[in-house]
Amino acid sequence: MSLDEGYTTPDGRKIGAVVMEMKNITLRFGGVVAIENISFDIRQGEIRAIIGPNGAGKSSMLNVINGFYHPQEGEIWYKGAQRQAMKPHAIARQGIARTFQNIALFNGMSTLDNIMTGRLTHMKSSLLMQAIWKGPAEREESEQREKVEKIIDFLEIQSIRKTPVGRLPYGLQKRVELARALAAEPTLLLLDEPMAGMNVEEKEDMSRFILDVNDEFGTTIALIEHDMGVVMDISDRVVVMDYGKKIGDGTPEEVINNQEVIDAYLGVAHD
Amino acid sequence: MLYREAGDYKTTYTEDSQTFPIKLDRIGYYSVLIIAFLVVPFVINDYWANAVLVPFLIYAIAVLGLNILVGYCGQLSLGTGGFMAVGAYACYKLMTGFPDLNIFFCVILAGFVTAAVGMLFGLPSLRIKGFYLAVATLAAQFFLVWLFNKVPWFYNYSASGQISSPERTLGGIAITGPHTEAWAKYLFCLVFVFLLAWLARNLTRGNLGRSWMAIRDMDIAAEIIGVNPLKAKLTAFGVSSFFIGVAGALFFAVYLGAAEVGEAFGIQKSFLILFMVIIGGLGSIFGSFAGAAFLVLLPVLLKNVLVGGLGWQTDIAAHLEFVIVGGLIITFLILEPHGLAQLWRIIKEKLRLWPFPH
């Protein structure tokens with residue numbers, strides 16, 4: 001699978017060139033090494049899973065991609081150029097969106113406002129224009145609302161449009177968070193345990209939405225997930241981490257038969 | 001029965017996101033505007049203007065300003081009195097330095113000066129949050145009051161250390177100074193209240209307002225989405241201080257006429273306006289008016305009842321007034337911690353279904 005031009009998945013989807021490449025990333029917190037010399041790439045249009053036991057450094061990896069943490073060593077290449085250390089809000093403007101392990105919605109706002117906030121990077125009217133409101137600002141608001149309504153339709157959350165998100169049940173909150181991330185029309189979408197704490201039905205819904213997003217919008221998705229069934233079903237390639245090191249990388253079939261991965265998950269007898 | 005959205009169909013997104021989606025609310029809003037602009041100026045007298053309406057309008061502006069900072073952006077500030085003083089002294093310097101400058105522009109410019117000062121004192125908010133930020137703004141409060149007391153240039157080297165507003169007219173009608181008519185004061189303040197409330201609503205409904213609320217609710221997620229915390233917090237400080245500066249300028253020039261900084265713009269003022277925000281409801285424009293009305297009207301009402309109605313002595317009544325207002329604030333906050341705005345929302349919610357229980 002070392003083709004530069006991408007590859008074709010078993011179900012016939014075309015996977016393109018490399019969008020993001022992590023080269024020899026090392027991240028330390030004082031004496032603790034959270035990520036040790038990890039390299040992997042994410043290709044255009046693929047669903048890339050990052051798995052591993054608790055404390056393996058998966059969320060830290062997403063935080064590195066997001067710009068919350070700056071690795072001590074290594075290079076990050078995004079869209080063909082090496083990325084300099086920059087603030088998370090600047091990285092958001094480059095087309096990287098994410099959801100959080102613990103839901104991080106804006107509880108004081110309605111579903112609609114939460115998703116509209118996701119379109120922030122696409123809105124241009126200045127403070128003065130917004131102060132006057134009539135004219136450009138109002139027009140822009142309506143245009144963006146139309147795009148947001150499409151996402152609301154797509155994720156089937158029309159009925160909770162004006163409900164404050166704090167009142168929604170957990171599964172729906174997760175869906176609103178996905179909607180907010182999608183509203184940014186990201187190139188790369190990072191999902192941190194999108195199915196944590198969900199029942200089987202909700203997991204099925206969420207898997208369907210993730211596949212649909214990838215299929216309809218062509219969004220590249222990198223996700224962390226603990227449910228192995230889901231990971232094996234929906235992801236194209238999997239990175240396996242353990243204690244900050246990469247112990248496996250490849251298609252779900254390759255990874256699941258990797259002895260090191262099996263050992264990490266099931267443990268090995270020490271004699 | 002009348003208060004329904006049923007049958008009032010919205011066919012555009014603009015209509016759907018209008019300020020008053022229910023027809024009865026719209027009628028109410030326009031009626032209030034008509035009464036405020038066309039009826040009250042003809043029936044107002046000195047007592048009503050000075051004791052009730054003018055202070056209510058001016059406090060409403062300050063509360064709107066502080067609500068933008070505390071209620072919408074989540075940055076706690078105790079420097080309101082100091083920022084009002086900046087507005088007042090900027091207005092005074094402009095009025096005396098440029099006697100030909102229209103009083104309207106003096107007030108607006110004073111607002112801009114305060115906005116700049118507010119943004120400067122808002123810089124620590126990029127590093128510290130919550131109570132620690134409150135303490136930093138408290139430092140601003142004491143520093144500004146000290147500054148206006150210590151540097152004679154600010155009060156034009158007057159012997160008393162006070163500032164007093166010279167007479168300025170607008171279209172031949174006195175707005176400031178001892179010869180101002182009650183209705184002129186009222187109308188001048190009302191125009192500012194109307195403009196600024198409209199501005200506050202516009203700024204909080206759109207992109208900027210959402211980025212403020214995003215910072216308030218979950219700053220990490222906000223940054224991930226692309227909100228620049230520096231920009232969001234500093235614009236909140238700037239806009240908020242603009243409102244507070246205008247309120248300070250009006251408070252000094254139109255309402256008091258003469259002011260001494262420690263007395264008129266001390267720490268009590270900061271607390272009073274913060275109480276108005278909390279009692280009215282954080283993050284609500286209606287709440288800003290409700291909170292200002294509550295704390296301006298209640299003491300006046302109590303005084304009239306106790307002294308006028310029951311014939312008590314003034315000093316006893318004055319002390320009892322503190323007890324009652326304080327007690328009411330505590331009771332109120334326990335019963336409805338989200339303020340009058342939430343109470344109003346619940347009433348409207350119930351009214352929509354009335355007379356059916358569900």
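FYI, side chains are in, hydrogens and waters are out, and symmetry mates aren't considered; it's all heavy atoms of this structure. Within every chain, numbering begins at 1; the chains are lettered A, B, ... in the order of the sequence lines, protein sequences first and strands thereafter.
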Tell me if the [atom1] atom of [X] is crowded by more than 12 foreign heavy atoms within 6.0 Å.
X: A/K79; atom1: NZ; answer: yes
X: B/W344; atom1: CH2; answer: no
X: A/F29; atom1: CZ; answer: yes

(request) Any chance you could measure B/K231, atom NZ, to A/H89, atom NE2, to the nearest 0.5 Å? (result) 10.0 Å
So which of [options] has the biggest tally of heavy-atom pairs under 4.5 Å with chain A?
options: B/I220, B/V239, B/N228; result: B/N228
options: B/L203, B/T235, B/N207; result: B/N207
options: B/L208, B/T14, B/I224, B/T12; result: B/I224

(request) Give, as side chain, backbone, both or neither, the part of B/A200 having an atom under 4.5 angstrom from any heavy atom of chain A. (result) neither
(message) Any non-hydrogen side-chain atom of B/Y13 less than 4.5 Å from a side-chain atom of A/V148?
(response)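 Contact flag for B/Y13/A/V148 side chains = no.
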(request) Determine which residues belonging to residues 80-88 of chain A lie within contact range of chain B, meaning some heavy atom pair is under 4.5 Å apart, and list them by number or answer 'none'. (result) A/K87, A/P88
Taking all heavy atoms of [X] and all of [Y], pick out the closest pair and write down the distance.
X: A/A104; Y: B/M218; result: CA-CE, 3.7 Å
X: A/W133; Y: B/G206; result: CZ3-CA, 3.7 Å
X: A/L120; Y: B/S211; result: CD1-CB, 3.9 Å
X: A/N107; Y: B/D217; result: N-OD2, 3.5 Å
X: B/R216; Y: A/G108; result: NH2-CA, 3.9 Å
X: A/F106; Y: B/A221; result: CE2-CB, 4.0 Å

Which answer fits [X], side chain, backbone, both or neither, if we ask what part of it has an atom under 4.5 Å from a heavy atom of chain B?
X: A/I103; answer: backbone
X: A/E177; answer: neither
X: A/K162; answer: side chain

